[in-house]
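Before any comments, here is the structure.
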Amino acid sequence: MASGEHQYRIGVEWTGNQGSGTSGYRDYGRNHEIRADGKPTIPGSSDPAFRGDPARWNPEDLLVAAASACHKLWYLHLCAEAGVVVERYTDDAIGTMIDTAQEGRFTRILLRPHVTIRAGGNAELAAELHREAHAKCYVANSVNFPIDCEPRIDVLPD
């Protein structure tokens with residue numbers, strides 16, 4: 001595992017100028033492009049509740065996706081080290097955000113990974129490794145709200 005400081009350079013370009021800039025709240029689009037060298041562009045917008053394009057990724061989607069993906073990557077790493085052979089991993093993560101006149105913030109992300117391990121695998125260890133993955137997850141360690149995990153482990157039949 002590489003240690004030390006890591007930097008991530010991301011470009012975000014607003015593409016929502018509809019000819020009059022931000023002359024009024026309803027006069028501009030929320031669309032933008034998220035870019036990083038050598039990677040596909042991500043089409044972004046705001047949540048549809050905030051006049052965004054529902055077909056594009058919004059920052060809230062990306063935060064939940066980052067938490068889910070980070071947990072999954074640590075989990076697979078720990079399983080490989082522990083000899084737990086994962087055959088399939090999916091997650092149906094849910095992020096909860098409140099938006100009031102005073103504040104907007106996430107209150108929780110719930111990860112719901114469904115993991116299938118090889119026949120004869122240790123389901124108890126596979127479940128325990130989720131706790132360790134959570135403790136190591138960079139995203140979970142960087143936010144000020146809980147990220148909970150409710151894993152489901154299936155073992156393939158012999």
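Along the sequence shown, residues carry numbers from 1.
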Exercise. Any chance you could measure T116, atom OG1, to I153, atom CD1, to the nearest 0.5 Å?
Key: 8.5 Å
Quiz item: Within a strict 4.5 Å, meaning less than it, do heavy atoms of the R88 and V115 side chains meet?
Solution: no
Quiz prompt | Separation between OG1 of T22 and CG of N17, rounded to the nearest 0.5 Å | solution = 8.5 Å
Quiz prompt | A36: partners by side chain to side chain contact (heavy atoms under 4.5 Å, CB included), with sequence neighbours left out | solution = I10, K39
Exercise. Could I get the full list of salt bridge (charged side-chain N to carboxylate O under 4.0 Å, His left out) partners for R105, not counting sequence neighbours?
Key: E103
Self-check item: Residue pair G52 / S45: nearest heavy atoms and the distance that separates them
Solution: CA-OG, 3.3 Å
Exercise. Spell out, as yes or no, whether a donor-acceptor pair under 3.5 Å connects the side chain of D91 to the backbone of R112.
Key: yes
Quiz prompt | Derivation and outcome, side-chain contact (heavy atoms from CB on, under 4.5 Å), residues K136 and L78 | solution = CA-CA 10 Å; K136 292 183 176 292; L78 294 168; 4.2 Å; yes
Practice problem: Give, for atom NE2 of H130 and atom CZ of R152, the distance between the pair rounded to the nearest 0.5 Å. | Solution: 11.5 Å
Quiz item: Could R30 and Y28 be counted as a cation-pi pair, given that NZ or CZ must be under 6.0 Å from the ring centre and within 45° of the axis?
Solution: yes
Quiz prompt | Test item: F106 and T96 side chains (from C-beta on) under 4.5 Å apart, heavy atoms | solution = no
Quiz item: Do the non-hydrogen side-chain atoms of L110 and E150 ever get within less than 4.5 Å of each other?
Solution: yes
Quiz item: If only atom types and distance count, is the side chain of N141 paired as donor or acceptor with the main-chain N or O of C137 below 3.5 Å?
Solution: yes
Exercise. Without swapping roles, check the side chain of Y75 against the backbone of R131 for a donor-acceptor pair under 3.5 Å.
Key: no
Exercise. Answer whether the closest heavy-atom distance between the side chains of M97 and T107 falls below 4.5 Å.
Key: no
Practice problem: For residues L156 and E87, report the shortest heavy-atom separation together with the two atoms involved. | Solution: CD1-CG, 3.7 Å
Practice problem: Might you work through the side-chain contact (heavy atoms from CB on, under 4.5 Å) test for K72 and H77, ending with a clear yes or no? | Solution: CA-CA 9 Å; K72 178 216 27 123; H77 172 90; over 6 Å; no
Quiz prompt | V84 side chain near L129 side chain, heavy-atom distance below 4.5 Å | solution = yes
Quiz item: Would you find more than 12 non-hydrogen atoms of other residues, nucleotides or ligands less than 6.0 Å from E81 atom CD?
Solution: yes
Quiz item: Do V86 and L76 have side chains that get closer than 4.5 Å, going by heavy atoms?
Solution: yes
Quiz item: Which heavy atom of Y25 sits nearest a heavy atom of F50, and at what distance?
Solution: OH-O, 4.1 Å
Quiz item: Can you tell if the side chain of I94 reaches within under 4.5 Å of the side chain of V64, non-hydrogen atoms only?
Solution: no
Practice problem: Would you give the length of the straight line joining atom OG of S23 to atom CD of Q18, rounded to the nearest 0.5 angstrom? | Solution: 9.5 Å
Quiz item: For I109 and G95, which heavy atoms make the closest approach, and how far apart are they?
Solution: CG1-CA, 4.1 Å
Quiz item: Any side-chain heavy-atom pair from Q7 and R9 closer than 4.5 angstrom?
Solution: yes
Quiz item: Out of curiosity, D99 CG to E60 CD, how far, rounded to the nearest 0.5 Å?
Solution: 9.0 Å
Self-check item: Test item: W57 side-chain N/O and S46 main-chain N/O as donor-acceptor pair under 3.5 Å
Solution: no
Quiz item: In terms of ring plane angle, is the pair H134 and H71 parallel, tilted or perpendicular, where the classes change at 30° and 60°?
Solution: tilted
Quiz prompt | Shortest non-hydrogen contact from A119 toward V155 | solution = CA-CG1, 4.0 Å
Quiz item: Where do R108 and D148 land on the salt bridge (charged side-chain N to carboxylate O under 4.0 Å, His left out) test, with the steps shown first?
Solution: CA-CA 7 Å; R108 178 184 191 215; D148 299 317; 2.7 Å; yes
Quiz prompt | In one Ile/Leu/Val/Met/Phe/Trp/Tyr side-chain cluster, 4.5 Å: L125, V85 | solution = no
Quiz item: NE2/H32 to OG1/T41 distance, rounded to the nearest 0.5 angstrom?
Solution: 11.5 Å
Quiz item: With ring centroids as reference points, do H114 and Y89 lie under 6.0 angstrom apart?
Solution: no
Quiz item: C70 and side chain to side chain contact (heavy atoms under 4.5 Å, CB included): which partner among V139, L111, I147?
Solution: V139
